[in-house]
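What follows is a short report on a single structure.
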2 protein chains.
Amino acid sequence: MTEDKNADAMMDVEGGDSWNTFKSFLAANDLRVTSQRQAIFRAAYYSDDHFTAEDLLTKARQIDRSVSRATVYRTLPILTESGLIKEVDIGKDYLFYVSHRNATTFKAQVICKDTDRIIEVDAPFMEWYGKAVAARLGMQVVSMRLQIEARPSDGVEVPEVPSASRENG
Amino acid sequence: MTEDKNADAMMDVEGGDSWNTFKSFLAANDLRVTSQRQAIFRAAYYSDDHFTAEDLLTKARQIDRSVSRATVYRTLPILTESGLIKEVDIGKDYLFYVSHRNATTFKAQVICKDTDRIIEVDAPFMEWYGKAVAARLGMQVVSMRLQIEARPSDGVEVPEVPSASRENG
DNA sequence: GTAAGTGCAAAACCTTTGCACGTCG
DNA sequence: CGACGTGCAAAGGTTTTGCACTTAC
């Protein structure tokens with residue numbers, strides 16, 4: 001049940017057939033295509049915002065009732081390793097994730113202390129800077145994160161950014 | 001027991017009387033000076049490396065046997081709020097802390113994936129960069145972190161840095 | 001003397017894991 | 001049909017908390 005055509009139908013919405021990317025990744029790693037993985041993939045990849053494992057469980061269950069928490073936790077590493085989503089650790093007790101659609105350059109996170117909103121900001125310069133810092137220590141960058149906790153300046157209203165938690169730099 | 005003179009005797013080792021700073025902070029916040037807090041302060045502030053809560057418990061107990069895990073966890077926020085130590089979250093299940101002696105400029109952390117060592121690196125430029133990024137969103141920086149996971153470049157031996165996990169930039 | 005601090009052990013919380021059953025290929 | 005995947009519930013591991021006792025001031 002939940003034939004491929006469902007996912008295939010929406011695969012071109014974002015311009016790339018990411019569903020096929022995912023299926024290929026599964027095949028390449030001798031992993032099976034299950035209805036649960038498909039539901040979790042869809043819920044995650046087409047999310048417009050940062051989400052937690054619990055969020056993802058809820059969304060995936062709206063697609064396929066049989067999805068369990070354990071399977072969500074077991075599928076998240078597959079999605080991150082396939083590059084379809086990105087893990088975002090902002091130092092809370094739980095992790096966030098974001099769909100990696102369109103992501104090309106390095107992103108920093110601005111975390112609003114008042115609203116808890118996470119804003120992904122292009123910071124291409126950081127890629128160079130990180131490499132330089134690491135090189136000075138004779139090391140190669142594996143990964144990197146820049147996070148800025150901030151709050152609205154006095155008198156400035158936080159703008160509503162409907163369905164777009166990404167900004168350009 | 002454990003008279004003030006013990007702490008007072010070592011207070012000038014690092015050039016500032018941080019013990020008095022701590023006592024003042026406690027007084028200013030209507031908190032009491034206890035032997036456990038003194039032991040934890042000493043174990044934390046005079047640490048030469050990043051340490052966990054568990055590490056701190058062990059070290060503090062070498063100074064005062066009566067220190068409990070609960071008190072360590074209850075004292076850590078006091079130490080960070082007083083500015084004597086700094087919390088370092090590198091995304092593991094547990095937090096690290098570093099003594100904040102000498103710390104003036106913004107530091108980034110380079111985390112060696114091979115050795116798990118954390119190296120504090122001066123990155124004063126980041127202070128400006130973070131402010132600029134936040135300002136563009138109409139926000140003010142509350143705090144910031146730049147972390148670089150890296151591993152030794154091929155053929156490069158990681159240098160031993162005895163009693164100094166801080167580097168200059 | 002009284003309010004604050006402490007130790008102990010249990011609770012909390014997200015995430016992982018063991019096991020028996022289900023299902024993809 | 002056999003190996004991989006899943007759901008459930010219990011376990012894990014760090015940090016927090018309730019409670020009765022102790023201690024600073």
Side-chain angles (χ1 to χ4, degrees), chain A residues 1-4 7 22-41 43-44 50-58 60-61 63-82 85 87-97, chain B residues 1-4 7 22-41 43-44 50-58 60-61 63-82 85 87-97:
Chain A
M1 54 199 70
T2 309
E3 292 283 317
D4 280 7
F22 190 50
K23 279 196 296 187
S24 302
F25 184 85
L26 291 175
N29 290 78
D30 289 310
L31 300 170
R32 292 175 182 173
V33 177
T34 66
S35 65
Q36 290 90 344
R37 282 177 179 161
Q38 185 172 125
I40 294 166
F41 158 77
H50 294 73
F51 54 89
T52 65
E54 202 63 27
D55 293 338
L56 183 54
L57 174 62
T58 304
R61 275 185 167 159
I63 299 172
D64 182 337
R65 270 300 154 77
S66 77
V67 172
S68 72
R69 184 171 289 105
T71 298
V72 166
Y73 277 106
R74 285 190 274 237
T75 304
L76 278 167
I78 301 176
L79 288 167
T80 56
E81 277 156 37
S82 72
I85 70 172
E87 189 184 281
V88 177
D89 181 347
I90 64 168
K92 298 216 177 209
D93 294 342
Y94 40 88
L95 295 170
F96 285 88
Y97 300 86
Chain B
M1 56 196 71
T2 310
E3 292 283 317
D4 280 8
F22 190 50
K23 280 196 294 186
S24 301
F25 183 86
L26 291 176
N29 290 78
D30 290 309
L31 299 170
R32 293 173 181 176
V33 177
T34 66
S35 65
Q36 291 89 345
R37 282 178 178 159
Q38 185 173 126
I40 294 166
F41 157 77
H50 295 73
F51 55 88
T52 64
E54 202 63 28
D55 293 338
L56 184 54
L57 174 62
T58 303
R61 277 185 165 160
I63 299 172
D64 182 337
R65 269 301 155 75
S66 77
V67 172
S68 72
R69 183 171 289 104
T71 298
V72 166
Y73 277 105
R74 285 190 275 237
T75 303
L76 278 166
I78 301 176
L79 288 167
T80 56
E81 277 156 39
S82 71
I85 69 173
E87 190 185 281
V88 177
D89 182 346
I90 65 168
K92 298 217 174 205
D93 294 342
Y94 40 88
L95 296 169
F96 284 88
Y97 300 85

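Numbers restart at 1 for each chain; the letters A, B, ... are given by sequence-line order, proteins then strands.
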Checking contacts here: which listed nucleotide ([options]) is nearest the side-chain heavy atoms of [X]?
| X | options | value |
| --- | --- | --- |
| A:L95 | C:dC24, C:dT15, D:dC8 | C:dT15 |
| B:A70 | D:dT17, D:dC25, C:dT15 | D:dT17 |
| B:Y94 | D:dT15, C:dT6, C:dT15 | D:dT15 |
| B:A53 | D:dC8, D:dT15, C:dC24 | D:dT15 |
| B:Y73 | D:dG2, D:dT14, C:dT6 | D:dT14 |

Practice task
Output yes when a side-chain donor or acceptor of A:R37 lies under 3.5 Å from a complementary backbone atom of A:R32, and no otherwise.
Solution key: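 Yes; judged by distance alone, with no hydrogens or angles, the pair exists.
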Problem - Side chain to side chain, B:L56 and B:Y97, heavy atoms closer than 4.5 Å - result: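 When only atoms from C-beta onward are counted, B:Y97 and B:L56 do not touch, as no gap falls below 4.5 Å.
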To the nearest angstrom, how far is [X] atom [atom1] from [N] atom [atom2]?
| X | N | atom1 | atom2 | result |
| --- | --- | --- | --- | --- |
| B:F96 | D:dT14 | CZ | P | 11 Å |
| A:Q38 | C:dC24 | CD | C1' | 13 Å |
| B:R74 | D:dT14 | CZ | C1' | 15 Å |
| A:L56 | C:dC14 | CG | C1' | 15 Å |
| A:R69 | C:dC13 | CZ | C1' | 12 Å |
| B:I40 | C:dT6 | CD1 | P | 7 Å |
| A:R32 | D:dC4 | CZ | C1' | 4 Å |
| A:E87 | C:dC14 | CD | C1' | 13 Å |

Problem - Which residue lies more 5' along DNA chain C, comparing B:R61 with B:L31 via nearest heavy atoms - result: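 Upstream on the strand: B:L31.
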Problem - Distance (rounded to the nearest 0.5 Å) between A:I85 CD1 and A:F41 CZ - result: 10.5 Å
Practice task
Apply side chain to side chain contact (heavy atoms under 4.5 Å, CB included) to the pair B:F22 and B:I78, showing each step before the final yes or no.
Solution key: CA-CA 9 Å; B:F22 190 50; B:I78 301 176; 3.8 Å; yes
Handout entry: B:T34 side-chain N/O to C:dT6 phosphate OP1/OP2 under 4.0 Å
Key =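 Checking B:T34 against C:dT6: at least one side-chain N or O falls below 4.0 Å of OP1 or OP2.
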Problem - Short side-chain N/O contact from A:T71 to OP1 or OP2 of D:dG5, under 4.0 Å - result: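 False: A:T71 side-chain N/O out of range (4.0 Å or more) of D:dG5 OP1/OP2.
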Handout entry: Verdict with reasoning, B:T52 to B:D55, per side chain to side chain donor-acceptor pair (under 3.5 Å)
Key = CA-CA 5 Å; B:T52 64; B:D55 293 338; 3.2 Å; yes
Practice task
Map B:P77 and A:T75 onto DNA chain D by nearest heavy atom, then report which one ends up closer to the 5' terminus.
Solution key: A:T75
Practice task
Using a heavy-atom cut-off of under 4.0 Å over every strand shown, decide if A:R37 touches base, sugar-phosphate, or nothing.
Solution key: sugar-phosphate
